[in-house]
Structure formats: structure tokens, C-alpha cells
Asks: 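Before anything else, here's the structure in question.
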Amino acid sequence: MSLLIKGGLVVDPSRHLEEPLDLLVDKGKIVAVEPPGQIPENGRRIISAPGLVVAPGLVDMHVHLREPGEEYKETIATGTRAAVQGGFTAVAAMPNTRPVNDTAAVTRLMLGQARDAGNARVYPVGAVSVGSKGQGLSEYGDLKAAGVVALTDDGLPVNSSMLVRRAMEYARTFDLPIISHCEDLELRADGVMNEGRISLQLGLKGIPAAAEEVMVYRDLTLARLTGARLHIAHVSTGGSVAIIRLAKAMGLPVTAESAPHYFSLTEAAVLGYDTNAKVNPPLRTDMDVASIKEALRDGTLDAIASDHAPHSSLEKEVEFTAAAFGLIGLETSLGLTLKLVHTGELSLLQAIDRLSTGPAQILGVAGGTLAVGAVADITLIDLNREWTVDASTFASKSRNCPFHGWTLKGKAVMTIVGGKVVWEE
Amino acid sequence: MEFRHKDLLGIADLEPEEIRLILDTAASFKEISARPIKKVPTLRGKMMMTVFYEPSTRTRTSFEIAAKRLSADTQSLTVAASSVTKGETLADTAHNLEAMKPDVLVIRHPASGAPHFLAQRLKCGVINAGDGLHEHPTQALLDLLTVQEAKGRLDGLKVAIIGDIAHSRVARSNIYGFTKMGSQVTVAGPATLLPPYLETLGATVTTSLVEAVSGADVIIMLRLQLERMGQGFISTLREYRNYFGLAPRHLQLAKDDVIIMHPGPLNRGVEISPEVADGPHSLILEQVTNGVAVRMAVLYFLIGGEKG
């Protein structure tokens with residue numbers, strides 16, 4: 001049955017549109033976009049959207065779904081369920097599974113699980129190196145044919161600059177972008193939080209901002225050498241932002257993302273040794289938060305991606321130094337981003353761009369647009385809904401959320417994938 | 001003035017008045033250790049459990065003696081011989097021990113924040129006997145008592161703390177303790193061993209031993225962990241001794257009645273010369289005696305009377 005979404009405010013960054021418009025969806029595609037009331041209602045399922053924003057489906061390009069191998073933390077089914085409840089129609093799934101996604105076989109497994117779950121689309125990201133061990137290249141051709149949209153060893157940096165060069169060249173051969181986790185492991189040593197005032201106070205070993213910045217600079221330089229399409233993952237420092245801004249000004253085709261926790265929390269969240277605030281890269285300072293926000297505003301950062309990293313009580317209900325790094329984010333990403341819209345730090349169009357159009361373009365996948373003919377991946381958002389974050393009600397299997405108890409304003413109320421309503425409130 | 005904490009996790013959590021209360025009480029308990037019968041029934045029937053995940057000579061022994069002098073029962077878990085070696089978690093270990101109803105758990109652990117982790121989960125009191133790089137509150141308290149006895153006061157003094165500040169929980173606790181009581185703390189060491197943002201704790205920072213000891217009333221030397229050489233923090237022990245080891249010639253730069261302290265164990269001839277360690281200005285052994293008294297006071301406040 002076709003859908004008629006009427007009375008809503010269409011916000012489509014792909015065409016710089018922010019206008020009351022009605023949408024007609026049929027056979028999984030957007031078939032008409034017209035001024036309100038122009039599309040006849042007969043025989044269609046009406047989705048009434050007055051007071052709601054109608055956006056291209058949100059795309060989270062950095063998610064850890066933990067399947068295969070760590071299904072006790074999250075599965076593709078529960079992770080994609082969490083995604084659609086958070087308003088996301090698609091996620092890019094990171095390869096640090098067990099086994100690592102460095103073969104077509106694992107890629108096909110993940111796609112099969114996603115198809116069976118029928119929630120959000122899953123775009124697998126393949127490993128840069130076999131087992132992500134940083135030694136040999138994986139089979140980029142096969143991975144691409146099986147369905148990966150990009151390559152990364154995320155979770156880890158690729159230490160060897162020579163391997164990064166070769167990976168970038170080999171990836172260019174198959175027209176795949178490389179997503180870089182920028183971290184100098186030796187500078188990071190056994191740090192567990194940002195190196196600063198708070199790490200000193202808590203007696204915890206720190207990870208200096210330089211550990212991220214030296215590798216951002218290295219990878220940008222190698223991208224310039226090789227002509228690769230580089231995307232910098234989870235940018236957390238003002239120093240990284242400055243280097244990326246410079247690279248873009250020089251015309252490098254680099255893109256970059258940050259996560260909501262890097263513009264919503266600082267290292268102060270670790271006080272009391274809260275393991276839900278233990279994440280890599282770590283939460284930084286107020287100045288870094290300001291730089292991240294400015295970079296999202298001026299486009300130096302093209303995407304907001306949650307780095308959703310589920311962990312169970314085994315990994316988090318332990319002393320801080322022993323806890324795993326990571327926090328979940330699919331169900332709070334939109335709300336935290338809309339906070340910036342409500343304070344005027346980001347426009348609505350910019351927010352939807354960073355959450356949808358930007359990531360879709362970077363990954364080269366369908367979506368991120370509400371143009372006629374586009375795939376009908378649509379998110380309906382109530383900008384003014386106030387809600388309290390309750391991690392115990394999350395669709396995710398895991399509960400490692402530092403935003404539990406926060407009051408947010410703005411929430412997805414319906415998620416449509418390929419013309420099918422996969423979730424509504 | 002009452003001591004209203006369930007746990008003793010760090011000096012950072014204490015008000016100056018609370019520190020004063022503990023020190024005054026410790027001073028009165030000290031007398032018990034000088035008697036022929038070194039026991040009072042104050043904590044009779046109470047149970048102190050010690051769980052030390054790191055080796056200790058002074059701290060663990062003095063907690064046990066402190067408890068016994070107040071007639072408390074003690075039980076210690078030797079971690080290397082416990083089920084921790086089978087992978088039992090800290091939380092499980094603590095809950096299992098708590099199920100045997102001790103009145104207080106004294107813990108030393110390599111992870112900063114481990115005592116906080118336990119204090120949040122256990123009903124019984126938790127005493128931090130040293131957690132990672134974070135704090136060692138009873139050490140700072142005994143250091144304060146030692147200075148109080150020697151100088152008659154704790155305010156307006158120049159205190160120098162010298163050595164591996166970056167890896168020292170004793171340094172942090174002492175910086176908090178001495179600044180709270182109104183003294184000025186200068187820390188010194190090679191820049192590799194001085195963590196950034198130290199000034200935010202209220203200390204003056206220098207890489208010059210000479211500057212730190214000049215005019216000092218109190219000099220606290222910290223042990224250099226010999227592994228630091230292999231980790232790129234220092235060049236050689238020889239150079240460390242030459243530039244950061246306390247020698248007799250340095251005492252002339254300090255006040256005439258300067259006192260020398262060290263939390264122990266000493267690396268004789270590295271951070272402190274034997275002449276200084278054994279000399280007339282040294283109160284290193286007095287610190288150890290005060291350690292028992294301070295721990296008696298802490299146990300009294302946490303589990304004495306109706307508490308625990």
C-alpha cells in the first residue's frame with residue numbers, strides 16, 4: 001500500500017529544502033513531493049505529520065553491532081532495532097567482530113542477519129587488514145562485491161604508515177573509502193581517559209590529545225599522496241578539527257565525523273570513576289567541545305556518527321582501569337543533536353545533513369535525500385517532544401549509556417525503510 | 001565535631017577540621033603504644049579485614065597492629081593465595097568477604113578508584129590503603145602528624161615533595177593534606193615525572209631540587225621506581241642521584257630545623273643518601289610509629305562505638 005505523509009515540514013539538506021510539503025511513497029520509493037494538500041488521499045495509508053519534521057532517513061555511519069561473536073552484548077537484530085527506535089534507517093557496521101569482517105563470508109552473514117531482522121539497513125564496513133592485525137591487506141575486491149561500503153580497522157589504528165599508504169592505493173583500485181581510527185598507540189600507552197586536570201585528580205593515566213592529532217595529520221598527508229578517499233572517524237579534539245579544516249582548505253577530498261558524546265560531555269563526566277564515561281577517543285575539555293560544535297556548524301565535520309559500542313555488565317561493572325571502552329548511542333544521537341538546534345548552535349538543516357545526507361554521500365549509498373525517485377527511507381521527528389532517557393527501556397541489549405536520566409527535547413516518532421513503517425511510537 | 005564518613009577514600013574528601021580531629025585523636029592513641037600493656041578494649045568484638053592486591057610492609061602491618069591495640073579482630077586476605085588467582089573479580093571478592101560481616105574493609109589495589117568502586121557497592125566501611133596513582137590517605141595523615149609533632153603547627157610551612165610525582169599516590173594525598181592545613185607545597189622532579197596540570201592541585205612546580213629545598217621546613221623524598229629507567233622516564237640512576245637525590249649538602253639550603261621524611265621503602269643511595277636517611281634531621285622511623293597511631297584513630301572513627 002502506498003503511503004501519503006501529509007502536513008509535515010520537509011527538511012531535505014540534499015536540496016536545501018525546509019518547507020511544508022506532502023510526500024507520496026509507493027513500491028519503496030518516493031514518487032511525489034508536492035505542496036500540502038495537492039496529492040489525493042484515496043486508497044493510500046495516511047500518515048498524519050502536522051507539527052513533525054519529515055527528514056530523509058537518518059544514517060549512522062559508525063556502529064558496532066557485535067555480531068558475529070559477541071552476541072551477548074548486541075546482535076544485528078537488537079542493534080538495528082535500537083537504530084530504528086532512534087530514527088535511523090541505515091547503519092554502517094564496523095568490522096571488529098569475532099571473527100573480524102575481513103572476508104566476503106562474514107559480510108554476507110551480516111547482510112543476511114540484517115535482512116532477516118527487517119529493521120534498519122546494514123552497510124558492512126570491511127577490515128583494512130586481515131584480522132585487523134595491521135599486517136596484510138584483506139581482499140578489497142571480494143569485500144566490495146559482497147557488499148562492503150568502506151574499509152577500516154576501527155577499534156585500532158593501522159600502525160604502519162607504509163601499510164596505510166598501500167591500503168589507500170589498493171582501496172582506490174576498488175573505489176572504496178578508508179575510514180581511519182586515528183590514534184598513536186605509543187602516545188596513548190595505557191591511558192584510560194583524557195590527559196588533563198581530571199586524570200591528574202583521579203590518578204588515572206591519561207591519553208593526550210596529541211595521540212589523536214599526530215595520526216590525523218599522518219593519514220591526511222598519506223591521503224594527499226595517494227589520492228585516496230579518506231574519512232576520519234570519531235574526531236574528539238580541537239587540534240584535529242584545525243588540521244582537517246586546513247586539509248579541506250587545500251582541496252583534499254577528506255571527510256570527517258564526530259559523535260554526540262564529544263559535543264555533549266567533557267572529561268568531567270569521569271569524576272566518580274563512572275565507567276559509562278570511559279570511551280576511546282576519550283571525552284575531552286570544554287574547549288574541544290566548542291571546537292567540535294563549530295566544526296559541525298561550518299562543515300569541517302561532515303557527519304555525526306554515534307560509535308555505538310555495546311558492552312555488558314561484565315565489561316563495565318568493574319573498576320575503571322579494567323573496564324572496556326565504549327558507550328551506546330543509537331537511541332540518543334538524534335536527541336543530543338537536536339539539543340544543539342534548540343540552543344541555536346546548529347540549524348535544523350545542518351543537523352539533518354550531518355545525520356543523514358552527509359553520511360549517505362560519504363558512504364555512497366542510497367538515502368539522505370527526499371527527491372522524487374529516491375528510496376523511501378524517511379524519519380519523522382517531533383522537535384518539541386520532551387523525554388527522559390531511560391536506558392532500561394532501550395531496544396539495545398546493552399545499557400552502557402552516560403545519558404541515562406537526561407531530559408532531551410526532540411525525538412523520532414516514526415521510521416520508514418524502503419517505504420515500510422518499521423517502527424512507530 | 002564528628003567524623004561523618006562511612007569510608008576513608010582520600011584526603012580530597014576531608015575538611016581541615018576532620019583532619020585536625022583525626023590527628024588529635026591519633027596523638028592521644030599514640031600513648032597506648034608506649035605502655036607495657038599496649039591494648040585498650042575500645043574496638044573489642046569488631047572485625048577489620050585487609051585485602052592487599054599489592055605488596056606492603058608498613059601499611060598492612062600497622063593497620064593490623066592498630067586494630068589489635070584497640071582489641072579488634074583482624075583477618076587478612078593474601079591475594080596471591082586467594083581465588084583472585086582464578087580470575088575472581090574485585091566486586092565478587094568484596095561481596096563474598098562482606099557476606100562474612102566484617103565491620104570494615106581495608107583495601108590496597110593497583111587500580112585508581114577501586115576503593116570508590118567498593119564503597120559504592122558495600123554496606124561496610126572501606127578504607128583506602130593506596131589505590132593506583134590516586135591517593136594513600138593514611139600515609140598523608142601520618143605525615144601530617146609527624147610534622148605537627150616536630151613543628152608544633154601545620155600552617156605556614158614550606159613543604160617540598162621530591163621525586164616521581166607522576167606515579168605517586170602519596171604525593172597527591174600530601175599535596176591535598178598540607179595545602180588544606182595551610183602550608184605551601186613545592187614539588188620537584190624531572191619534567192618526565194611531573195604530570196601536567198599539577199598547579200591545579202595548588203602546588204608550586206619546579207624541575208630544580210635546589211629550588212625546592214631552599215628554605216624548606218619539611219622535605220619529603222619519594223621512592224624512584226627503578227623500572228622507570230627502562231620506560232624512558234629517566235636516563236640513568238647515576239644522573240637521577242646527581243640531580244634529584246637528597247644529599248647532606250642540600251640540607252644547608254633548607255631551614256636549620258628542617259625535617260626529612262620518606263614514606264618508604266627507601267632506595268638507599270638513589271633518591272636519598274644514607275647519611276641523610278639515618279641522620280639527625282630524619283624522622284623516617286617516627287613516621288612509622290605515627291602510622292600505627294593514625295590508623296588507630298581512623299579505625300576508631302569508622303567502626304568505634306555504635307558504628308560499623
Side-chain angles (χ1 to χ4, degrees), chain A residues 184-211 213 237 239 266-279 282-288 311-325 400 402 404, chain B residues 9-13 51 53 84 87-95 107-121 126 128 130-137 165-173 175-176 187 192-203 205 231-233:
Chain A
D184 183 310
L185 289 180
E186 300 212 341
L187 282 177
R188 168 249 170 102
D190 45 5
V192 295
M193 67 170 292
N194 185 47
E195 183 180 280
R197 274 186 327 111
I198 310 280
S199 67
L200 176 69
Q201 214 178 301
L202 294 176
L204 292 171
K205 292 201 178 148
I207 302 171
E213 291 155 5
T237 85
T266 66
E267 55 186 357
V270 180
L271 287 169
Y273 299 98
D274 185 355
T275 57
N276 284 333
K278 183 172 179 180
V279 62
L283 303 173
R284 307 274 189 190
T285 67
D286 286 308
M287 277 178 45
D288 295 304
H311 286 297
S312 76
S313 65
L314 297 176
E315 291 87 31
K316 287 294 197 179
E317 282 288 304
V318 290
E319 53 281 23
F320 196 89
T321 46
F325 291 91
N400 50 319
H404 178 75
Chain B
L9 302 177
I11 302 291
D13 312 317
V51 185
Y53 280 72
V84 171
E88 188 162 22
T89 65
L90 175 64
D92 278 341
T93 301
H95 279 127
I107 174 140
R108 170 173 283 190
H109 196 282
S112 301
H116 281 78
F117 176 78
L118 292 183
Q120 277 168 2
R121 286 159 177 76
V126 174
N128 180 6
D131 65 326
L133 309 179
H134 178 232
E135 284 227 43
H136 189 354
I165 310 290
H167 300 92
S168 172
R169 52 191 175 220
V170 172
R172 280 172 181 75
S173 292
I175 291 171
Y176 291 134
V187 298
T192 48
L193 296 176
L194 297 174
Y197 302 93
L198 256 181
E199 319 73 32
T200 65
L201 296 186
V205 184
Q231 294 163 2
F233 285 101

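In what follows, chains are A, B, ... by sequence order, proteins preceding strands, each numbered from 1.
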Asks: To the nearest 0.5 Å, what is the distance between NE2 on B/H116 and CG on A/D274?
Replies: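 B/H116 NE2 to A/D274 CG: 12.5 Å, rounded to 0.5 Å.
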
Asks: Closest approach of A/G203 and B/S112, non-hydrogen atoms and distance?
Replies: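 Heavy-atom minimum between the residues: O-OG, 2.5 Å.
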
Asks: Please determine whether the number of non-hydrogen atoms from other residues, nucleotides or ligands lying under 6.0 Å from atom CD of B/Q231 exceeds 12.
Replies: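 Counting neighbours around CD of B/Q231, more than 12 heavy atoms of other residues, nucleotides or ligands fall under 6.0 Å, so yes.
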
Asks: Between B/E135 and chain A, with a heavy-atom cut-off of 4.5 Å, which part of the residue counts as in contact: side chain, backbone, both or neither?
Replies: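 Neither part.
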
Asks: Can you name the closest pair of heavy atoms from B/Y176 and A/Q201 and give their distance?
Replies: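 What the structure gives for the nearest pair is OH-CG, 3.6 Å.
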
Asks: What do you reckon, is OH of B/Y197 surrounded by more than 12 foreign heavy atoms closer than 6.0 Å?
Replies: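 Atom OH in B/Y197 is not crowded, with 12 or fewer foreign heavy atoms closer than 6.0 Å.
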
Asks: How long is the straight-line distance from CD1 of A/I198 back to OG1 of B/T200, given to the nearest 0.5 Å?
Replies: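 Answer rounded to 0.5 Å: 8.5 Å.
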
Asks: Can you say whether B/R172 sits under 4.5 Å from chain A via the side chain, the backbone, both, or neither, judging by heavy atoms?
Replies: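 Answer is side chain: those atoms of B/R172 sit under 4.5 Å from chain A.
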
Asks: I'd like to verify something: which residue of B/D131, B/L90, B/L198, B/T89 has the highest number of heavy-atom pairs under 4.5 Å with chain A?
Replies: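 Of the candidates given, the most pairs with chain A belong to B/L90.
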
Asks: In Å and rounded to the nearest 0.5 Å, what is the CD to OH distance from A/E319 to B/Y53?
Replies: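 Those atoms lie 7.5 Å apart.
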
Asks: Give the member of A/V318, A/L204, A/L200 that has the highest number of heavy-atom pairs under 4.5 Å with chain B.
Replies: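 Most heavy-atom pairs under 4.5 Å with chain B: A/L200.
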
Asks: Does the ring centre of A/Y273 sit less than 6.0 Å away from the ring centre of B/H134?
Replies: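 Judged by ring-centre distance (under 6.0 Å), B/H134 and A/Y273 do meet the cut-off.
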
Asks: Output yes when a side-chain donor or acceptor of A/R197 lies under 3.5 Å from a complementary backbone atom of B/P196, and no otherwise.
Replies: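 Side chain of A/R197 to backbone of B/P196, a donor-acceptor pair under 3.5 Å: no, none is there.
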
